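Single-structure report; data block below.
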2 protein chains.
Amino acid sequence: MVSDKKDEFDLRVFLPYLLNRAAEESSLEFQRAYKDRYGMLRTEWRVLFHLGNYGEMTAKEICERARIHKTKISRAVSKLEQRRYLLRKRSYTDRRVEMLTLTAAGQTVYRELCDIAQRYDEKLAGMFSADEVALLRQMLRRLADMV
Amino acid sequence: MVSDKKDEFDLRVFLPYLLNRAAEESSLEFQRAYKDRYGMLRTEWRVLFHLGNYGEMTAKEICERARIHKTKISRAVSKLEQRRYLLRKRSYTDRRVEMLTLTAAGQTVYRELCDIAQRYDEKLAGMFSADEVALLRQMLRRLADMV
DNA sequence: GGATAATAGTTGATTTTGTAACTAACAAGC
DNA sequence: GCTTGTTAGTTACAAAATCAACTATTATCC
């Protein structure tokens, strides 16, 4: 007799769940770097990294690239400014817009965190073969809609 | 002349970042199912799914399996109980412990969400070949330390 | 068996996020 | 140029997450 019982759903293969769990787990160690060492929140390091990675940007551009809501960006920018990690400069072609750049201090922190990130990434990547990791990154980028 | 410039860090290949972005993005659509239709939070559906998937469990066991902090579980359980989705039953071998089970209503919601989850999972999986998805799930499980 | 430590789960205070309303500046249409 | 609509960014309030302290119960060790 053929089983007509619908395949039971298994939480542990559900992609959104797996992705979230993997993301949470793999963020923990790196989080300590920016949180414990620099008292930064996740959004703050994301802003810092975007400015470090892409140079001068506006809050709007960071919102779009990082897919973070503008209120979170706004608060993260204030915090980073307070800590003298970034400078705001009003665009004088459009005075609603602020150009954001890292200060020397911000760049130093950025580089330090980059080093930590890179080492940590290598550690994670080391769990798999080079081909596997390449495929993983590619698939994640597609899922993240960063194609 | 060989470049001795250290390879510039690229945010868009950093695994924790990719994982988080992919997780956030791929959760959005499914989130609407439990949030908009049932007014549930993420922790609440995770608890619901655990009970649906594994049957009777204690809050402690859910904490460990799902890696969610006990205060979040405690509040999610209260909410689910209020909505009559689950029942608490004191263990009488250890009266600190509560056995949690889904009510009939809870099981109905669970099954509905399972269907949605399964269809959504198939949609996501459809972005890649069967082999690729199998590998992805396997890698995510390792990253999530669910090996 | 009684003191001390450990465990399951809850509660309260603080921090962070999310939502909506807001200000200030620009753009378009007439 | 003046109304209407949009956009960049901020702020205020509500919802949720985090962290520490708490209660009640069980386990340990002398």
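In this text, all values refer to a predicted model and were calculated from it rather than measured experimentally. Below, read A as the first sequence line, B as the second, and so on, with proteins coming before strands; counting in each chain starts at 1. Computed from heavy atoms alone, side chains included, the values below leave out hydrogens, waters and symmetry copies.
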Please report, to 0.1 Å, the donor-acceptor pairs under 3.5 Å made by any side chain of residues 30-37 of chain A, with sequence neighbours excluded.
{"residue": "A/Tyr34", "atom": "OH", "partner": "A/Trp45", "partner atom": "NE1", "Å": "3.2"}
{"residue": "A/Arg37", "atom": "NH2", "partner": "A/Glu112", "partner atom": "OE1", "Å": "3.0"}

Inset, instruction - Can you tell me which residue pairs pass the ring-ring contact (aromatic ring centres under 6.0 Å, His included) test with a partner in residues 111-136 of chain A, sequence neighbours excluded? - result: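 Sorted pair list comes back empty.
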
Kindly write out the residues that satisfy side-chain contact (heavy atoms from CB on, under 4.5 Å) with [X], not counting sequence neighbours, or none if the list is empty.
X	answer
A/Ala76	A/Thr43, A/Glu44, A/Val47
A/Arg67	A/Asp145, B/Arg21, B/Glu25
B/Ser78	B/Arg88
B/Thr58	B/Lys60, B/Glu61, B/Val97, B/Met99

Legend entry - Qualifying residues under ring pair (Phe, Tyr, Trp, His ring centres under 6.0 Å), relative to B/Tyr38, sequence neighbours excluded: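 Counting only residues at least two positions away or on another chain, B/Tyr38 forms no ring pair (Phe, Tyr, Trp, His ring centres under 6.0 Å).
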
Inset, instruction - Could I get the full list of side chain to side chain donor-acceptor pair (under 3.5 Å) partners for B/Thr71, not counting sequence neighbours? - result: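 Once residues adjacent in sequence are excluded, the partners of B/Thr71 under the side chain to side chain donor-acceptor pair (under 3.5 Å) criterion are B/His69.
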
Legend entry - Base versus backbone protein contacts along nucleotides 16-21 of chain D [heavy-atom cut-off under 4.0 Å; B, S, -]: SSBBB-

Inset, instruction - Treating a pair as Watson-Crick (purine N1 to pyrimidine N3 plus N6-O4 or O6-N4) or G-U wobble (N1-O2 and O6-N3) with both distances under 3.5 Å, list the stems of 3 or more consecutive pairs that involve DNA chain C. - result: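 Only these stems qualify: C:1-30 with D:1-30.
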
Legend entry - salt bridge (Lys or Arg N to Asp or Glu O under 4.0 Å) partners of B/Lys123, counting only residues at least two apart: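 Residues passing salt bridge (Lys or Arg N to Asp or Glu O under 4.0 Å) with B/Lys123: B/Glu29.
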
Legend entry - Within residues 87-101 of chain B: residues closer than 4.0 Å to DNA chain D (heavy atoms):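 Listed by number, they are B/Asp94, B/Arg95, B/Arg96.
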
Legend entry - Distance, rounded to the nearest Å, where A/Arg67 contributes CZ and C/dT17 contributes C1':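 Those two atoms, CZ and C1', are 19 Å apart.
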
